[in-house]
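Worksheet: the structure to be examined is printed underneath.
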Amino acid sequence: MKALDLVLNAIIILSATVFLAYLGLLYDFGLFTTLPQPITRPFLDHPILQYVALAVFVGAMVAKILVRRAIRRQHPREEP
C-alpha cells in the first residue's frame with residue numbers, strides 16, 4: 001500500500017506539472033514557453049492533453065484519499 005501511495009504522489013506531481021504548463025501557456029509564461037520546441041511540440045499539437053492531465057490529477061487525488069484510509073486501517077496510531 002505504501003508503494004501505491006508513492007506512485008500516486010508521482011502521478012499527482014506529473015499531471016499537475018503538465019496542467020500548469022498548459023495554464024502558463026495561456027498567459028505566456030511557464031514550462032512550455034521555456035523548453036525547446038522539440039520537447040513541447042507533442043504537447044502543443046494535442047491540447048486535449050491538458051484535460052487528460054486534469055482528470056488524472058483528480059483521479060489520483062481521490063485514489064490517494066482511499067489509499068491513505070487503507071494504510072491507517074492497517075497501521076493504527078498508538079495514542080497515549
Would you give me the side-chain donor-acceptor pairs under 3.5 Å for residues 51-58, sequence neighbours excluded?
none

Distance, nearest 0.5 Å, that separates CE of Met61 from OG of Ser15: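 Going from CE on Met61 over to OG on Ser15, the span is 9.5 Å.
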
Leu49 with Leu25, same ILVMFWY side-chain cluster at under 4.5 Å: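 They do share one cluster, since a chain of ILVMFWY contacts under 4.5 Å joins Leu49 to Leu25.
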
In one Ile/Leu/Val/Met/Phe/Trp/Tyr side-chain cluster, 4.5 Å: Val18, Leu44: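 Per the 4.5 Å side-chain linkage, Val18 and Leu44 are co-clustered.
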
Within 6.0 angstrom of His46 NE2, more than 12 heavy atoms from elsewhere: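 No, the 6.0 Å shell around NE2 holds no more than 12 heavy atoms from other groups.
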
Qualifying side chain to side chain donor-acceptor pair (under 3.5 Å) pairs, either residue in residues 22-38, two or more places apart: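 Sorted pair list comes back empty.
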
Fellow cluster residues of Leu4, listed by chain then number, with links counted only when side-chain atoms sit under 4.5 Å apart: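 Met1, Leu8, Val67, Ile71, all in the cluster of Leu4.
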
Listed partners of Arg72 passing side-chain contact (heavy atoms from CB on, under 4.5 Å), at least two apart: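 Partners of Arg72 by the side-chain contact (heavy atoms from CB on, under 4.5 Å) criterion come out as none, since no residue qualifies.
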
Contacts of Ile39 that satisfy side-chain contact (heavy atoms from CB on, under 4.5 Å) - sequence neighbours left out: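 Checked Ile39 against side-chain contact (heavy atoms from CB on, under 4.5 Å); matches are Leu35, Pro36.
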
Partner residues of Asp5 under the side-chain hydrogen bond (donor to acceptor under 3.5 Å, both in side chains) criterion, sequence neighbours left out: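 side-chain hydrogen bond (donor to acceptor under 3.5 Å, both in side chains) list for Asp5, sorted by chain: Lys64, Arg68.
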
Val62 vs Ile65, side-chain contact (heavy atoms from CB on, under 4.5 Å): CA-CA, chis, key distance, verdict: CA-CA 5 Å; Val62 170; Ile65 291 169; 5.6 Å; no

Pair listing, salt bridge (Lys or Arg N to Asp or Glu O under 4.0 Å) test, anchored in residues 45-61, at least two apart: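 Those involving residues 45-61 do not exist here.
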
Pairwise side-chain contact, Leu20 with Leu31, heavy-atom cut-off 4.5 Å (strictly under):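 In short, these two side chains do not touch, never coming nearer than 4.5 Å.
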
Contacts of Arg41 that satisfy salt bridge (charged side-chain N to carboxylate O under 4.0 Å, His left out) - sequence neighbours left out: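 Partners of Arg41 by the salt bridge (charged side-chain N to carboxylate O under 4.0 Å, His left out) criterion come out as none, since no residue qualifies.
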
Partner set under ring-ring contact (aromatic ring centres under 6.0 Å, His included) for Phe43, not counting sequence neighbours: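 ring-ring contact (aromatic ring centres under 6.0 Å, His included) check on Phe43 returns Phe32.
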
